[in-house]
Amino acid sequence: MIVSMNKILDKLADLERAVEKLHRSIDRDPIKDDLVIDATIQRFEFTYELSWKLLKSHLEFNGHLGVNSPRTVIKEAFKVGLITEGEKWLKMLEDRNRTFHTYDEETALEIYKNIKNEYVTIFDSLVNKLKELVR
């Protein structure tokens, strides 16, 4: 599949909206509304999927072929300077894979805290970096 700049711009717009919604979710008080944690985790899953797929498209557009899995995309994006916190991205991938176990309240709370304290700023950085590169 040939990746176009229009496709990248569309995906970037989708990611911007997803990050905005994630911010709105983490701004809510989970003590007042117990659905906040679940909603935040679900929005994180969606935002994460958009992020790695956008990175993949950007890499392919720039001639980096054969990066098909989230892990290989993260490693290549770090290698070429699209992302700066490779280890945190890999930790985020692990948490994304653990969201299957959010029925366990302890796991859900741990992932929620990581989203709020680390991951949302990583998504912000990605959006800003890609906006610089493509606009």
Side-chain angles (χ1 to χ4, degrees):
M1 181 176 174
I2 298 172
V3 177
S4 70
M5 182 54 72
N6 284 341
K7 181 178 178 181
I8 291 171
L9 290 171
D10 288 345
K11 286 184 176 198
L12 180 55
D14 291 342
L15 179 59
E16 284 184 277
R17 283 189 296 276
V19 171
E20 182 181 308
K21 287 182 178 185
L22 184 60
H23 273 283
R24 281 188 278 171
S25 181
I26 64 171
D27 287 343
R28 297 185 69 142
D29 187 349
I31 295 171
K32 291 181 181 177
D33 185 353
D34 64 344
L35 294 177
V36 169
I37 293 173
D38 295 339
T40 301
I41 290 171
Q42 189 169 33
R43 286 182 176 184
F44 162 72
E45 290 172 329
F46 184 69
T47 305
Y48 183 82
E49 292 300 313
L50 287 171
S51 294
W52 87 261
K53 289 176 181 176
L54 174 56
L55 284 169
K56 180 181 186 291
S57 293
H58 190 276
L59 288 167
E60 289 174 347
F61 182 79
N62 288 288
H64 301 270
L65 306 176
V67 288
N68 296 314
S69 71
R71 186 172 301 278
T72 58
V73 167
I74 290 166
K75 288 180 178 182
E76 189 67 17
F78 179 73
K79 183 177 165 184
V80 301
L82 287 175
I83 58 173
T84 57
E85 299 179 274
E87 290 301 317
K88 286 186 181 181
W89 272 90
L90 291 173
K91 179 182 171 192
M92 198 171 9
L93 170 59
E94 289 174 19
D95 276 355
R96 168 61 185 98
N97 291 336
R98 289 179 2 163
T99 59
F100 176 74
H101 301 286
T102 55
Y103 57 83
D104 173 38
E105 286 187 41
E106 188 176 314
T107 301
L109 187 56
E110 180 185 338
I111 293 170
Y112 171 80
K113 287 178 182 178
N114 289 341
I115 295 165
K116 187 170 183 165
N117 297 329
E118 294 181 69
Y119 301 157
V120 73
T121 58
I122 292 171
F123 291 135
D124 287 337
S125 295
L126 176 61
V127 167
N128 291 333
K129 175 72 172 184
L130 290 174
K131 283 170 75 173
E132 287 174 20
L133 293 173
V134 300
R135 292 191 173 159

Could you check if a side-chain atom of [X] sits within less than 4.5 angstrom of a side-chain atom of [Y], using non-hydrogen atoms only?
X	Y	result
I8	M5	yes
R17	D14	yes
H64	K79	no
F123	M92	yes

**OP:** Have a look at E49 and tell me which of R43, R96, K56, K11 forms a salt bridge (Lys or Arg N to Asp or Glu O under 4.0 Å) with it.
**Re:**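 It is R96; the other options fail the test.
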**OP:** Test I83 against I122 for side chain to side chain contact (heavy atoms under 4.5 Å, CB included), laying out the working first.
**Re:** CA-CA 9 Å; I83 58 173; I122 292 171; over 6 Å; no
Would you name the heavy atoms of [X] and [Y] that are closest together and state the gap between them?
X	Y	result
S25	A39	OG-C, 3.9 Å
L59	A77	CD1-N, 4.0 Å
D104	T107	OD2-OG1, 2.5 Å
S57	K7	OG-CE, 4.2 Å
P30	V36	CA-CB, 3.9 Å

How long is the gap from [atom1] on [X] to [atom2] on [Y], to the nearest 0.5 Å?
X	Y	atom1	atom2	result
I41	T99	CD1	OG1	7.5 Å
L126	W52	CG	CH2	13.5 Å
L93	K91	CG	NZ	13.0 Å
L133	L82	CG	CG	6.5 Å
N62	E60	CG	CD	10.5 Å
I74	E87	CD1	CD	10.0 Å

Subject >> Plane angle bin for Y48 and W89 - parallel if under 30°, tilted between 30 and 60°, otherwise perpendicular >> reply: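 Ring orientation of W89 relative to Y48: tilted.
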**OP:** Decide yes or no on side chain to side chain contact (heavy atoms under 4.5 Å, CB included) for E110 and R98, but give the supporting numbers first.
**Re:** CA-CA 10 Å; E110 180 185 338; R98 289 179 2 163; 3.3 Å; yes
Subject >> side chain to side chain contact (heavy atoms under 4.5 Å, CB included) between L54 and L12, intermediate numbers included >> reply: CA-CA 7 Å; L54 174 56; L12 180 55; 4.0 Å; yes
Subject >> Charged N-O contact under 4.0 Å between R24 and D27 >> reply: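 No.
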Original post:
Can you tell which of L22, T47, T40 makes a side-chain contact (heavy atoms from CB on, under 4.5 Å) with V120?
Top reply: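 Filter result, single survivor: L22.
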Subject >> Donor-acceptor contact present, side-chain S125 to main-chain T121, <3.5 Å >> reply: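 Present.
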Original post:
How far apart are the C-alpha atoms of V19 and L50, what are their side-chain angles, what is the distance that settles it, and do they pass the side chain to side chain contact (heavy atoms under 4.5 Å, CB included) test?
Top reply: CA-CA 10 Å; V19 171; L50 287 171; over 6 Å; no
